[in-house]
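The block underneath contains the structure these notes are about, expressed in structure tokens.
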4 protein chains.
Amino acid sequence: MKRNRPKYKQIIEAAVVVIAENGYHQAQISKIARQAGVADGTIYLYFKNKEDVLISVFQEKMAMFVETINEVIAGKETASEKLLVMFESHFKILSADTKLAIVTQLELRQSNKDLRFKINEVLKDYLSVLESILEYGKERGEFAADLDIRLARQMIFGTIDETATTWVLNEHKYDLVALAPKVHKLILNGCISENAAS
Amino acid sequence: MKRNRPKYKQIIEAAVVVIAENGYHQAQISKIARQAGVADGTIYLYFKNKEDVLISVFQEKMAMFVETINEVIAGKETASEKLLVMFESHFKILSADTKLAIVTQLELRQSNKDLRFKINEVLKDYLSVLESILEYGKERGEFAADLDIRLARQMIFGTIDETATTWVLNEHKYDLVALAPKVHKLILNGCISENAAS
Amino acid sequence: MKRNRPKYKQIIEAAVVVIAENGYHQAQISKIARQAGVADGTIYLYFKNKEDVLISVFQEKMAMFVETINEVIAGKETASEKLLVMFESHFKILSADTKLAIVTQLELRQSNKDLRFKINEVLKDYLSVLESILEYGKERGEFAADLDIRLARQMIFGTIDETATTWVLNEHKYDLVALAPKVHKLILNGCISENAAS
Amino acid sequence: MKRNRPKYKQIIEAAVVVIAENGYHQAQISKIARQAGVADGTIYLYFKNKEDVLISVFQEKMAMFVETINEVIAGKETASEKLLVMFESHFKILSADTKLAIVTQLELRQSNKDLRFKINEVLKDYLSVLESILEYGKERGEFAADLDIRLARQMIFGTIDETATTWVLNEHKYDLVALAPKVHKLILNGCISENAAS
DNA sequence: GATGAATGAGGATTCATTCAT
DNA sequence: TATGAATGAATCCTCATTCAT
């Protein structure tokens, strides 16, 4: 299995670094190879082509997101708590690896339609976790009985994505993780003042 | 003023059509020129370079968004109503021009970091309108007194952006405008059930 | 019509020179462009791709062969005479342009199957002329009534092709045109001695 | 002697199969190795380089041609009969192994000038046999006293080569061996009708 | 103003060959 | 002997931009 050989991960990590430092369109295979300490041709022993490298970067990293998030939400009882730790985990991973943040929030979005389509496929796992929390919250009566799951999922994903992108565009100059509880409150309660909610 | 000469708008409209039909990376200057009925070189009499064409597409269209939205929100008393008509207007414009929707939601995002940075500059007008509604809602006591304006703006923009993008990715097969009230309710009240909100 | 613009022929001639001097596999587009005194990209204004350049070289030159041969055979009464002037013309053209001879006899044969298939299509015009002479000779009673036209055509073409190739491989060190009457006699009478033919 | 070890022949046979099935330019060393059931590197224990493999294919097969032909012509008295059985043998070998026919008539001709030059060296043995028959025929008075041996050799080789190639290009859809007597008659008597030969 | 022919830089990918095991 | 992972050189084509007309 190629995925488990050391050079596979070496190339993936090199790609993240090169894309973050040079931008998507300046991330040539030769740069990635040099960064990984292998020959250009070696990359083609592990990946079908350049697109495959980029897809794999996203797959590997997104798998890590999903795995981490599944672990932390398992330890929480309520849907509300699950959402909170999900937001925290998401933001923590990005904060801990700002190069990864640049790559996923900005650079990989410049890819062409084919690649973006494949990236969307990978995203589905993440969105499933999110929808399952929303279902769970509805069942428990935490969330409104008429909550439109798909729309709520779009709101939540859109919000954390926009929050993370804005943070990257502001060059990480504030604490992203600290925003998690505030985002959480906003998602749960909305903008409205409690008095007006009657 | 070049902006007012007929060929200026002609080229802008041609660019929208070409990008929508061919995708960002297949939108060559020669295609745009052919679609606009002018010679390649003529484009350079009206625009500095290709990036300038793309920026201008976004500027022209976004100016229309802001103008339209300013008009409709002026006729509404409450911040809540203003938000609702804002969402409706936003979705109506995209629904009425699916090519424009494809261009702004999918294709222009494939541009490189420089161009996206400039696009974000243009977006600021739109975001200002949004923030001013939020401020207004706070002043009136409609919205929570401790509402973080910037975060709320990110939530709202992220939500409608994600909603619109998902609709485009689903090839406009459902009614986007019909989602406006539901998005509005979600933004205002959050996911939480009213009983649990105590 | 691109075929008539001066750069079209300029590029064709440059291709012949470059292929003859460097060999088929070392005939890069950049070399051909330099030889033609144009930019690499200019070649793609006149030809679809590299294969198209090579096909066109063959088409242009073969058209010249066919045209010349049609002219000279028109002036002859008998099939035998037509064949003789055909051989002479064929050999004269190759002798007058040894670079062309190298290209058609040796280099273009190294092309891949697709290209060779297209080259064979072009060759059909030439072979048609040959077959029509053979038909004519049969009708006139010059050639044997039971002559298998297709086989005779293969003999004649195979013979002049092999003769020309051998001459090129021997670096043109003898007079190819002088062989025409001898080839002609051999083709007409065969190897057999006249006494034995009874 | 490497030639006698089993893997040597194994690689040669694998090369014929791979070239016939994939074409000259798609006959990579790795494919030949896989077909032969050895590792890529093993090929370099038996052959100096890829060119050496291809030359050796031609040498081995051409040696078989020469050997077979020498056997059959030894059993014939006249030069005319020798030529006939030579043509029959040549065509029989190709008919019996259509992969070999594809390789020698089409694929190996795509090789570069160096390789083709070496292939021509190998061909000389075959051509010698042909020339010796012609000499023999002249001595016996079967062939014309003024027959130009070299030219006749070129005619004969060109004819059977073209005949064989045409047959391969027509995907072996007719009986090549059946053509031998007709080719033989044509070579011996030429195109001319017997009445006109006076 | 308008044209469009000409320019030329830039990069993914293949595959013969090597050499440590 | 045999292996096969690793190497790295080499090239076609696109397309934004210019500038003579």
Side-chain angles (χ1 to χ4, degrees), chain A residues 2 5-8 10-11 25-34 36-54, chain B residues 2 5-7 11 25-34 36-54, chain C residues 2 5-8 10-11 25-34 36-54, chain D residues 2 5-7 11 25-34 36-54:
Chain A
K2 296 198 163 168
R5 285 190 283 171
K7 289 200 177 162
Y8 180 86
Q10 208 170 314
I11 292 164
H25 290 291
Q26 283 305 307
Q28 293 90 352
I29 283 288
S30 59
K31 273 192 194 140
I32 296 173
R34 204 179 318 124
V38 300
D40 293 17
T42 304
I43 289 185
Y44 291 87
L45 296 176
Y46 293 87
F47 300 91
K48 206 155 79 322
N49 49 33
K50 186 178 177 180
E51 186 180 81
D52 190 25
V53 177
L54 302 174
Chain B
K2 295 194 167 174
R5 284 186 291 172
K7 287 196 179 167
I11 292 164
H25 291 292
Q26 284 305 307
Q28 293 88 354
I29 283 289
S30 58
K31 270 192 196 143
I32 296 173
R34 203 179 320 125
V38 300
D40 294 17
T42 305
I43 289 183
Y44 290 86
L45 299 174
Y46 293 88
F47 300 91
K48 204 153 58 46
N49 50 33
K50 185 178 177 179
E51 186 178 83
D52 189 25
V53 177
L54 301 174
Chain C
K2 297 199 162 168
R5 285 191 283 171
K7 290 200 176 161
Y8 180 86
Q10 206 169 317
I11 292 164
H25 290 292
Q26 282 306 307
Q28 294 88 353
I29 282 289
S30 59
K31 273 191 194 142
I32 296 173
R34 204 179 318 124
V38 301
D40 292 17
T42 304
I43 290 184
Y44 291 88
L45 296 176
Y46 294 87
F47 300 91
K48 207 155 81 318
N49 49 34
K50 187 179 174 178
E51 185 179 81
D52 190 25
V53 177
L54 302 175
Chain D
K2 295 195 167 175
R5 285 185 291 172
K7 286 196 180 168
I11 292 165
H25 291 291
Q26 285 306 308
Q28 293 88 354
I29 283 288
S30 59
K31 269 192 196 142
I32 296 173
R34 203 178 320 123
V38 301
D40 294 16
T42 304
I43 289 183
Y44 290 86
L45 297 174
Y46 292 87
F47 299 91
K48 203 154 61 41
N49 51 32
K50 186 178 176 179
E51 186 177 83
D52 189 24
V53 177
L54 301 175

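Every chain is numbered from 1, with letters handed out A, B, ... down the list of sequences. What you see is a predicted model; the values in this text were computed from it and never measured.
Residues B:Q28 and B:R34 form no side-chain contact, since every pair of their non-hydrogen atoms from C-beta on lies 4.5 Å or further apart.
Judged by distance alone, the side chain of C:K7 and the main-chain N or O of C:Y46 form no donor-acceptor pair under 3.5 Å. With hydrogens and angles ignored, the 3.5 Å screen pairs no side-chain donor or acceptor of C:K50 with any backbone N or O of C:I29.
Here B:K7 lies in heavy-atom contact (under 4.0 Å) with sugar-phosphate atoms only. Among the protein residues, A:K48 comes within range of no part of the nucleic acid, since none of its heavy atoms lies under 4.0 Å from any strand. C:L45 comes within contact range of at least one nucleobase, with a heavy-atom separation under 4.0 Å.
Here the P atom of nucleotide F:dC13 and the CG atom of C:L54 are 10 Å apart, to the nearest Å. If you take NZ of D:K31 and P of E:dT17, they are 16 Å apart, rounded to a whole angstrom. Between the CD1 atom of B:I32 and the C1' atom of F:dC15 there is a distance of 12 Å, rounded to whole Å. Spacing between atom OH of C:Y44 and atom C1' of F:dC15 amounts to 13 Å, rounded to whole angstrom units. Counting to the nearest Å, the P atom of F:dA5 and the CD atom of A:Q10 are 16 Å from each other. Protein atom CG of D:N49 is 9 Å distant from nucleotide atom P of E:dT18, rounded to whole Å. For the pair D:F47 CZ and E:dA16 P, the interatomic distance rounds to 15 Å; values are reported in whole Å. In this structure, A:K50 places its NZ atom 15 Å from P of E:dT14, rounding to the nearest Å.
Taking only side-chain nitrogens and oxygens, B:R5 comes nearer than 4.0 Å to OP1 or OP2 of E:dG1.
Closest-nucleotide positions on DNA chain E for D:I29 and A:Q28 were compared, and the one nearer the 5' end corresponds to A:Q28. Between A:V38 and B:H25, the residue whose closest nucleotide on DNA chain F is further toward the 5' end is A:V38. Mapping C:D40 and A:I43 onto DNA chain F by nearest heavy atom places A:I43 closer to the 5' end of the strand. The residue among A:T42 and B:A39 whose nearest nucleotide of DNA chain E is located toward the 5' end is B:A39.
Remark: B:Y44 OH to B:D52 CG distance equals 10.0 Å, nearest 0.5 Å. Remark: D:I32 CD1 to D:D40 CG distance equals 10.0 Å, nearest 0.5 Å.
Of the candidates F:dG8, E:dA2, F:dT17, E:dA2 carries the atom nearest the B:Y46 side chain, counting heavy atoms from C-beta on.
Here F:dA20 sits opposite E:dT3 as a Watson-Crick or G-U wobble pair (both hydrogen-bonding atom distances under 3.5 Å). Of the nucleotides present, E:dG10 is the one that pairs with F:dC13 by Watson-Crick or G-U wobble criteria, both distances under 3.5 Å.
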